[in-house]
Amino acid sequence: MTDLVLVSDDGPVRTIRMNRPDKKNALTLPMYEAMADAIESAHREANLRCLLIAGAPTVFCAGNDIGDFLMMAGGGALGEPIVRFLHALARCDRPLVAAVQGNAVGVGTTMLMHCDHVVAGSTARFATPFVGLGLVPEAASSLIAPRLMGHARAFALLVMGRPLNAEEAKAAGLVNTVVAPEAVEDEAMKAARDIAALPPEAVRASRRLMRGSPDEIVARIDEEAEAFKARLKSAEARAAFEAFMARKK
Ligand code: COA
């Protein structure tokens, strides 16, 4: 149990809120566990028809906790809860909506590639600095991003580490709607309620047809995780993590 992820059900909508604002919602292993639990347990609740992933008013998620990366680099293992969370996203059978304010970094951006509807504030920023950290893309983003936005734009995002602002993310197909930052949560909840009001079996069947089998996505998550694990142990990655942890304010 962690209070760094808040899960609340309001009628047919479950909100999963990352709640570590002092660390910009950087995700720790217990946070991944809590998010995976919230997604997986929703499958057993017939009344839950839509899941909403949210962050804090000033930040969506700063990616994996870099201190945890350093620890994993020492131990040489990619935390099992991370892979479990990514599998839960890929296999989730309820529509996923996201409400993004502020920075969405690393997995903060790649988790959105599993969402069905994304609302972003006009000041949101999306970045995946994997390669700059000596790492490789994760969450099946190496498969989904080129399909979503084409190879060249995916390369700029995933390999060159060029961030997208909210309008660019919308043009790239990552975001549906850009609204004023203070309107993000209401707009996302409205979308979630709209989805929840549709005939649930028809939504589920349509979504399955559109997304195809999750097995391909899960296989890519596992393939990336192997490469990621190897990169975590690299001198390039260790130097980048240590530089982040030691940086001057
Ligand atoms: N892991 C661990 N701690 C993190 C973190 C992360 N991914 N992101 C932010 N934090 C911590 C900072 O160390 C700082 O902690 P401190 O107050 O104890 O020193 C606190 O969160 C605030 O971060 P700060 O960088 O001062 O906030 P900012 O508003 O200036 O910048 C970000 C926000 C998200 C742009 C910046 O924190 C950042 O680039 N974080 C790293 C993102 C990243 O590379 N993630 C991994 C992707 S694979």
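Computed from a predicted structure; not experimentally measured. Remember, it's 1-based here, ligands and their atoms both numbered in the order they're listed. For the single chain, residues carry numbers from 1 onward in sequence order. Values below: every heavy atom of this structure, side chains too, minus hydrogens, waters and symmetry copies.
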Inset, instruction - May I ask you to say whether Arg207 pairs ionically with Asp116, meaning some side-chain N is under 4.0 Å from a carboxylate O? - result: yes
Legend entry - Heavy atoms of other groups near Arg204 CZ, more than 12 under 6.0 Å: yes
Inset, instruction - Identify which of Val59, Val107, Leu133 has a heavy atom lying nearest to atom 46 (C) of ligand 1. - result: Leu133
Inset, instruction - Cation-pi check, Arg247 to Phe244: give yes when NZ or CZ is under 6.0 Å from the six-membered ring centre and within 45° of the ring axis, no otherwise. - result: yes
Inset, instruction - For atom 8 (N) of ligand 1, state which one of Ala62, Gly102, Gly161, Pro137 supplies the nearest heavy atom. - result: Ala62
Legend entry - Lys24, Lys23, Glu138: member with heavy atom nearest to atom 28 (P) of ligand 1: Lys24
Inset, instruction - Give the C-alpha distance, both sets of side-chain angles, the deciding distance and a yes or no for side-chain hydrogen bond (donor to acceptor under 3.5 Å, both in side chains) between Arg14 and Ser41. - result: CA-CA 11 Å; Arg14 166 166 290 180; Ser41 64; 2.9 Å; yes
Inset, instruction - Say whether Asp22 and ligand 1 are in contact under the criterion: heavy-atom distance to a ligand atom below 4.0 Å. - result: yes
Inset, instruction - Could you pull out, from Asp65, Thr28, Asn64, the option with a heavy atom nearest to atom 7 (N) of ligand 1? - result: Asn64
Inset, instruction - Assess Arg247 for proximity to ligand 1: is some non-hydrogen atom of it under 4.0 Å away? - result: yes
Legend entry - Electrostatic pair Arg84-Glu40, nearest N-O below 4.0 angstrom: yes
Legend entry - Val105 neighbourhood, listing ligand 1 atoms whose heavy-atom distance to it stays under 4.0 Å: 42 (C), 43 (C), 45 (N)
Legend entry - Min N/O separation Phe244 to ligand 1 under 3.5 Å: no
Legend entry - Pair Arg220-Ser142, side-chain donor/acceptor within less than 3.5 Å: yes
Legend entry - Numbering as shown, the atoms of ligand 1 that approach Pro129 to under 4.0 Å (heavy-atom distance): 44 (O)
Inset, instruction - Could you tell me which atoms of ligand 1, counted from 1 in the order shown, lie closer than 4.0 angstrom to a heavy atom of Phe130? - result: 48 (S)
Legend entry - Polar proximity ligand 1 side, Ile66 side, N/O cut 3.5 Å exclusive: yes
Inset, instruction - Answer yes or no: are there more than 12 heavy-atom neighbours, outside Asn47 itself, under 6.0 Å from its atom CG? - result: no
Inset, instruction - Return a yes/no value for Asn103: is any of its N or O atoms, backbone included, closer than 3.5 angstrom to an N or O of ligand 1? - result: no
Legend entry - Polar contact flag, side-chain donor to acceptor under 3.5 angstrom, Thr177-Glu187: no
